[in-house]
**Student:** 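My structure is below; once you've seen it, I'll send some questions.
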Amino acid sequence: MSNIVILTGAGISAESGIETFRADTGLWAQHRVEDVATPEGFARDPARVVAFYNGRRSQAASVAPNAAHDALARLEAAHAGEVLVVTQNVDDLHERSGSNNLIHMHGALNSALCGACEHRWPAPLEMQVGQKCPACNAPAARPDIVWFGEMPYQMDRIFAALSRADIFVAIGTSGNVYPAAGFVAEAARAGARTLEINLEPSAVGSQFDDALLGPATQTVPEWVDSILAG
Ligand code: BJW
């Protein structure tokens, strides 16, 4: 009975129509990271940041999960051991496909966070700058997103899962952002077999035991079928 930890990145949602970050025409080619994905950028120009995430939230609401998300939900339902999906994505396509054992380590578009008391509540489709927190009334609402320099969520739970993983798979992530890019080394140290699924080898591709190259909507269902076939 194997325990499987799966790290997903923007590539798994690309074929649903959500842009990745580091492609030539991706989000970081259109916006400066410092402006939209740092606490300093939010402090300088909250309207710009709120508008950026409002646009991303409405885009995510307009697309559907694809065969790769569906295959991971199928794996969780049918596999005898633990299946944990750790996603860096802030869209909700994994949960809409039926994945339940899921960690959003970089936050979620559909959540709002109070910058004063850390209360969380469902984000409206259009957040406003200075919206009041329903718990403490401070005008300090922000998108519940982990920006550069902030601590990703549920790291203790992720490292505990990596330490007991038999199989670690990274899907559609470029391996440029830490701590997620370090999970393959952590899993390998714990004795897991490691697999990278991507269009091309990532920045940390040489650290994986195996690679499956191709679009996620084909490669992920193929891999899930092979696991479920035993
Ligand atoms: C397909 C496909 C298809 C396409 N099928 N595949 C120096 C060394 C080490 C670390 C650091 C350092 N300096 C600073 C740091 C830390 C920093 C960091 O890593 N910086 C690097 C840039 C060097 N990290 C942090 O700050 C993190 N926090 C942290 O470390 O806390 C600890 C700490 C706190 C305080 C002080 C000190 C330490 C936080 C990182 C937050 C990342 N946030 C973002 C934006 C917010 C979310 C959002 O707006 O959506 O998260 S950045 C962005 O990158 C986003 C993503 O989740 C993340 C990863 O991107 P991803 O998913 O890999 O996408 P792409 O576009 O890069 O790649 C897509 C891949 O898909 C490609 O490989 C394609 O080939 C593939 N693909 N189509 C299969 N159809």
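The first residue in the sequence is number 1, and the count goes up from there. Just follow the structure's listing: the first ligand is 1, and inside any ligand the first atom is 1.
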**Student:** Say whether Arg22, considering both its backbone and side-chain N or O atoms, lies within less than 3.5 Å of an N or O atom on ligand 1.
**Tutor:**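 So ligand 1 has an N or O lying under 3.5 Å from an N or O of Arg22.
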
**Student:** State whether any protein heavy atom lies less than 4.0 Å from atom 69 (C) of ligand 1.
**Tutor:**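 At least one protein heavy atom is under 4.0 Å away.
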
**Student:** Taking non-hydrogen atoms only, is Ile145 closer than 4.0 angstrom to ligand 1 via side chain, backbone, both or neither?
**Tutor:**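 The answer is the side chain of Ile145.
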
**Student:** Got a second to check how far Gln207's CD is from Glu186's CD, nearest 0.5 Å?
**Tutor:**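 If I round to the nearest 0.5 Å, the distance is 11.5 Å.
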
**Student:** Looking only at protein heavy atoms, which one is nearest to atom 75 (O) of ligand 1, and what is the separation?
**Tutor:**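 Heavy-atom neighbour on the protein nearest atom 75 (O) of ligand 1: Asn198 OD1, 2.7 Å.
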
**Student:** Quiz question for you: does at least one protein heavy atom lie closer than 4.0 Å to atom 8 (C) of ligand 1?
**Tutor:**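 No, there is none.
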
**Student:** I'd like a table of donor-acceptor pairs (distance under 3.5 Å, sequence neighbours excluded) in which one partner is a side-chain atom from residues 164-172, with atom names and distances.
**Tutor:**
| from | atom 1 | to | atom 2 | distance (Å) |
| --- | --- | --- | --- | --- |
| Arg164 | NE | Glu82 | OE1 | 3.3 |
| Arg164 | NH1 | Ala160 | O | 3.4 |
| Arg164 | NH2 | Glu82 | OE1 | 3.1 |
| Asp166 | OD2 | Asn3 | N | 2.7 |

**Student:** Could you tell me whether atom 13 (N) of ligand 1 has at least one protein heavy atom nearer than 4.0 Å?
**Tutor:**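 Flag for atom 13 (N) of ligand 1 set to false, no protein heavy atom closer than 4.0 Å.
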
**Student:** In this structure, does ligand 1 have an atom that sits under 4.0 Å from one of the heavy atoms of Gly26?
**Tutor:**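 The answer is no: ligand 1 sits nowhere under 4.0 Å from a heavy atom of Gly26.
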
**Student:** Does any N/O atom on Asn89 come nearer than 3.5 Å to any N/O atom on ligand 1?
**Tutor:**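 No.
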
**Student:** Identify the closest protein heavy atom to atom 5 (N) of ligand 1: which residue and atom is it, and at what distance?
**Tutor:**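 Sorting protein heavy atoms by distance from atom 5 (N) of ligand 1 puts Ala216 N, 3.0 Å first.
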
**Student:** Pick, from Glu19, Met105, Arg56, the option with the minimum heavy-atom distance to atom 50 (O) of ligand 1.
**Tutor:**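 Residue with the shortest heavy-atom distance to the ligand atom: Arg56.
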
**Student:** Side-chain donor-acceptor contacts of residues 211-222 below 3.5 Å, not counting sequence neighbours, with atom names and distances?
**Tutor:**
| from | atom 1 | to | atom 2 | distance (Å) |
| --- | --- | --- | --- | --- |
| Thr217 | OG1 | Glu15 | OE1 | 2.4 |
| Thr219 | OG1 | Pro215 | O | 3.0 |

**Student:** Look at atom 56 (C) of ligand 1 and say which protein heavy atom is nearest, naming residue and atom and giving the distance to 0.1 Å.
**Tutor:**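 Nearest neighbour among protein heavy atoms for atom 56 (C) of ligand 1, to 0.1 Å: Phe21 CE1, 3.5 Å.
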
**Student:** If you scan the protein for heavy atoms around atom 37 (C) of ligand 1, do you find one that is closer than 4.0 Å?
**Tutor:**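 Looking at atom 37 (C) of ligand 1, one finds that no protein heavy atom lies closer than 4.0 Å.
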
**Student:** Any sub-3.5 Å donor-acceptor pair from Asp70's side-chain atoms to Pro65's backbone N or O?
**Tutor:**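 No; judged by distance alone, with no hydrogens or angles, the pair does not exist.
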
**Student:** Below 4.0 Å from any atom of ligand 1, is there a heavy atom belonging to Ser202?
**Tutor:**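 Judged by the 4.0 Å heavy-atom criterion, Ser202 does not count as contacting ligand 1.
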
**Student:** Inspect the contact between Asp92 and Arg57 and indicate whether a charged nitrogen and a carboxylate oxygen are less than 4.0 angstrom apart.
**Tutor:**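 Not counted as a salt bridge, because no side-chain N and carboxylate O are separated by less than 4.0 Å.
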
**Student:** Nearest to atom 20 (N) of ligand 1, what protein heavy atom do you find, and at what distance?
**Tutor:**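 Looking only at protein heavy atoms, the one closest to atom 20 (N) of ligand 1 is Phe148 CE2, 3.7 Å.
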
**Student:** So, regarding Pro179 and ligand 1 (criterion: nitrogen or oxygen to nitrogen or oxygen, under 3.5 Å), is there a contact or not?
**Tutor:**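 The answer is no, given that Pro179 and ligand 1 share no N or O pair closer than 3.5 Å.
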
**Student:** Quick one: does Trp28 get an N or O within less than 3.5 Å of an N or O on ligand 1?
**Tutor:**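 It does not: no N or O of Trp28 is found under 3.5 Å from an N or O of ligand 1.
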
**Student:** Kindly identify the option in Met151, Gln218, Met155, Glu150 whose heavy atom sits closest to atom 29 (C) of ligand 1.
**Tutor:**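 It is Glu150 whose heavy atom sits nearest to atom 29 (C) of ligand 1.
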
**Student:** Is the closest basic N to carboxylate O distance between Asp35 and Arg44 below 4.0 Å?
**Tutor:**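 Salt bridge present between Asp35 and Arg44.
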
**Student:** For atom 10 (C) of ligand 1, which protein heavy atom lies nearest, and how many Å away is it?
**Tutor:**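 Checked against all protein heavy atoms, atom 10 (C) of ligand 1 sits closest to Tyr178 CB, 3.7 Å.
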
**Student:** Specify whether Phe159 and Phe183 have parallel, tilted or perpendicular ring planes, treating 30° as the upper limit for parallel and 60° as the lower limit for perpendicular.
**Tutor:**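 The rings of Phe159 and Phe183 stand perpendicular, inter-plane angle above 60°.
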
**Student:** To check your reading of the model: name the closest protein heavy atom to atom 21 (C) of ligand 1, its residue, and the distance in Å.
**Tutor:**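 Protein heavy atom with the smallest distance to atom 21 (C) of ligand 1: Asn176 O, 3.5 Å.
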
**Student:** Distance to 0.1 Å, residue and atom name: give those for the protein heavy atom nearest to atom 40 (C) of ligand 1.
**Tutor:**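 For atom 40 (C) of ligand 1, the nearest protein heavy atom comes out as Val177 CG1, 3.8 Å.
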
**Student:** Report the nearest protein non-hydrogen atom to atom 3 (C) of ligand 1: residue, atom name, distance rounded to 0.1 Å.
**Tutor:**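 It is Gly11 O, 3.4 Å.
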
**Student:** Please state which part of Leu199 comes within less than 4.0 Å of ligand 1, counting heavy atoms only: side chain, backbone, both or neither.
**Tutor:**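 For Leu199, backbone and side-chain atoms both sit under 4.0 Å from ligand 1.
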
**Student:** Given His104, which of Glu95, His94, Gln154 fulfils the side-chain hydrogen bond (donor to acceptor under 3.5 Å, both in side chains) condition?
**Tutor:**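 Filter result, single survivor: Glu95.
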
**Student:** Considering distance alone, does some N or O of Ala10 sit under 3.5 Å from an N or O of ligand 1?
**Tutor:**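 Among all N and O atoms of Ala10, at least one is under 3.5 Å from an N or O of ligand 1.
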
